[in-house]
Number of protein chains: 2
Amino acid sequence: MGRTSDAEQRLIEEATSLWYSRSYADVGVSEICDAAGVRKGSFYHFFPSKRDLALAVLDRHAQTFRERVVERVAAHEGTAMERLDLVGQIGAEFLAETAEATGTVCGCPVGNLAVELSTIDDTLRRRFDAMFRERIAFLRSLLDAAVAEGSLPAGTDTDLVAESLNAYYEGILAMAKTAGDAGLLRRLAPLAIGLVRAPEAAPVSS
Amino acid sequence: MGRTSDAEQRLIEEATSLWYSRSYADVGVSEICDAAGVRKGSFYHFFPSKRDLALAVLDRHAQTFRERVVERVAAHEGTAMERLDLVGQIGAEFLAETAEATGTVCGCPVGNLAVELSTIDDTLRRRFDAMFRERIAFLRSLLDAAVAEGSLPAGTDTDLVAESLNAYYEGILAMAKTAGDAGLLRRLAPLAIGLVRAPEAAPVSS
DNA sequence: GTAATAGTTGACCGGTCGGTCAAGGGGAGC
DNA sequence: GCTCCCCTTGACCGACCGGTCAACTATTAC
């Protein structure tokens with residue numbers, strides 16, 4: 001019964017790209033509605049508040065990550081180390097594509113929002129944290145596979161290394177955004193191997 | 001001639017801490033004025049716009065970094081590798097102190113603003129970029145010293161490694177903020193040695 | 001002392017923000 | 001074809017945003 005509509009999805013799509021290329025605070029409900037061709041009254045039919053749209057956008061980001069990274073990497077036939085490498089390549093692809101489309105390097109869609117909003121809204125912060133923990137768990141599964149294949153030492157603390165890899169990628173994305181340099185990820189990603197294959201002794205950092 | 005005042009400095013101080021613990025967009029001119037005990041009219045006597053206060057805040061951050069990191073590290077008597085390690089320790093100290101003071105982990109004062117504003121205001125973006133390039137140059141000087149001391153291989157691409165270290169620290173700070181975990185930096189910093197002492201061959205990441 | 005001036009005050013402004021609502025339209029299910 | 005309900009519409013709201021201004025005050029340099 002009643003009529004159907006894809007307005008909700010359009011709002012999510014437009015909010016996703018507008019918030020990514022600018023910021024959460026800088027893009028208001030009205031602008032999102034305009035971009036989606038939806039009247040403001042309809043917006044509040046679907047979402048109780050701007051914050052609730054943000055939650056829906058985060059769900060979409062989580063879904064996209066699973067489809068565009070997890071599934072694609074899992075489909076790759078090859079070694080675990082190759083699959084690990086593929087993660088960085090997919091990221092670099094995404095950054096280059098969106099940079100070309102928007103004219104600016106925008107960093108990480110989730111990381112941007114996390115940095116902007118984590119200290120303001122604790123519910124959102126927990127959501128960001130859960131998303132990153134999912135990513136870390138995924139990276140860890142690749143590292144565990146690499147250990148099983150003998151490409152990494154048996155004693156590797158895959159959880160810690162996965163956390164460091166995730167932080168490293170996020171940092172590169174943030175710096176790429178700041179520098180307006182989409183190529184930074186391709187230049188810095190290769191050094192990630194050092195985080196994975198830690199030197200035996202650690203002369204620096206007790 | 002005319003009267004003197006420290007209102008300008010108070011505004012910069014309050015804006016620095018409020019923007020750090022929340023965000024640029026979330027803290028308005030009025031709130032900064034209230035915190036500083038300054039009337040809004042006075043604000044615009046000192047700063048033409050909110051954005052100009054942001055530029056002053058960034059100057060202050062650059063100055064603080066020189067005083068609290070560069071000078072303190074330079075004063076350390078010991079090896080270059082020890083000085084490099086000290087950088088991470090000072091960062092961890094700062095994060096823990098501000099976390100205790102504010103009740104939340106707030107990440108990097110400059111990185112937060114850079115991620116929030118880089119795609120919105122290109123003038124600010126250039127300023128952020130310049131600040132990070134200064135930090136990278138500083139890290140590079142430590143790495144060069146380590147090479148000179150023989151602690152790192154002569155062929156080390158110190159510029160690239162410095163960039164990766166900076167990105168890594170920024171990423172950790174962002175993830176610490178998201179997780180609300182001030183200890184993350186202490187846990188992940190030791191792995192930075194892997195970025196510095198890259199494994200000879202690079203099986204992953206072509 | 002006095003004049004020139006840096007700093008202060010508080011009322012004020014247009015615009016936009018997130019959000020509300022009562023009424024109306026239109027397609028799906030029967 | 002009728003009914004029900006999902007969706008749409010557009011006018012409206014109070015609050016707050018960044019920013020302005022003319023009058024005033026306290027200094028400091030001379």
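All chains are named by letter (A, B, ...) in the order of the sequence lines, taking the proteins before the strands, and each is independently numbered beginning at 1. Keep in mind that this is a model prediction, so the values were computed, not measured.
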Q: Classify the ring geometry of Phe138(A) against Phe65(A): parallel below 30°, tilted from 30° to 60°, perpendicular beyond 60°.
A: perpendicular
Q: Are any of Ser5(A)'s side-chain N or O atoms less than 4.0 Å away from OP1 or OP2 of dT8(D)?
A: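 True: Ser5(A) side-chain N/O within range (under 4.0 Å) of dT8(D) OP1/OP2.
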Q: Among Tyr20(B), Trp19(B), Phe94(B), which one satisfies side-chain contact (heavy atoms from CB on, under 4.5 Å) with Cys106(B)?
A: Tyr20(B)
Q: Does a sphere of radius 6.0 Å around CD in Glu67(A) hold more than 12 heavy atoms from other residues, nucleotides or ligands, not counting ones at 6.0 Å or beyond?
A: yes
Q: What is the distance, rounded to the nearest whole Å, between atom CG of Leu11(A) and atom P of dG19(C)?
A: 14 Å
Q: Of Gly2(B) and Gly28(B), whose nearest nucleotide on DNA chain D comes first from the 5' end?
A: Gly28(B)
Q: Could you tell me how far apart Asp52(A) (CG) and dG18(C) (C1') are, to the nearest whole angstrom?
A: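 Between C1' of dG18(C) and CG of Asp52(A): 13 Å.
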Q: Using whole Å, what does the distance between atom C1' of nucleotide dG7(C) and atom CZ of Arg3(B) come to?
A: 5 Å
Q: Within residues 29-50 of chain A, find the residues that approach DNA chain C with a heavy atom at under 4.0 Å, and present them sorted by residue number.
A: Val29(A), Lys40(A), Gly41(A), Tyr44(A), Ser49(A), Lys50(A)
Q: Under 3.5 Å, side chain of Glu149(A) to main-chain N/O of Ala80(A), donor-acceptor pair present?
A: yes
Q: So among Arg68(A), Arg186(A), Arg72(A), which one has a salt bridge (charged side-chain N to carboxylate O under 4.0 Å, His left out) with Glu93(A)?
A: Arg72(A)
Q: Can you tell me the distance, in whole Å, between the CG atom of Asp121(B) and the C1' atom of dG18(D)?
A: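 These atoms are roughly 15 Å apart.
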Q: So, Glu82(A) side chain and Thr79(A) main chain: donor-acceptor pair closer than 3.5 Å or not?
A: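 Side chain of Glu82(A) to backbone of Thr79(A): a pair is present.
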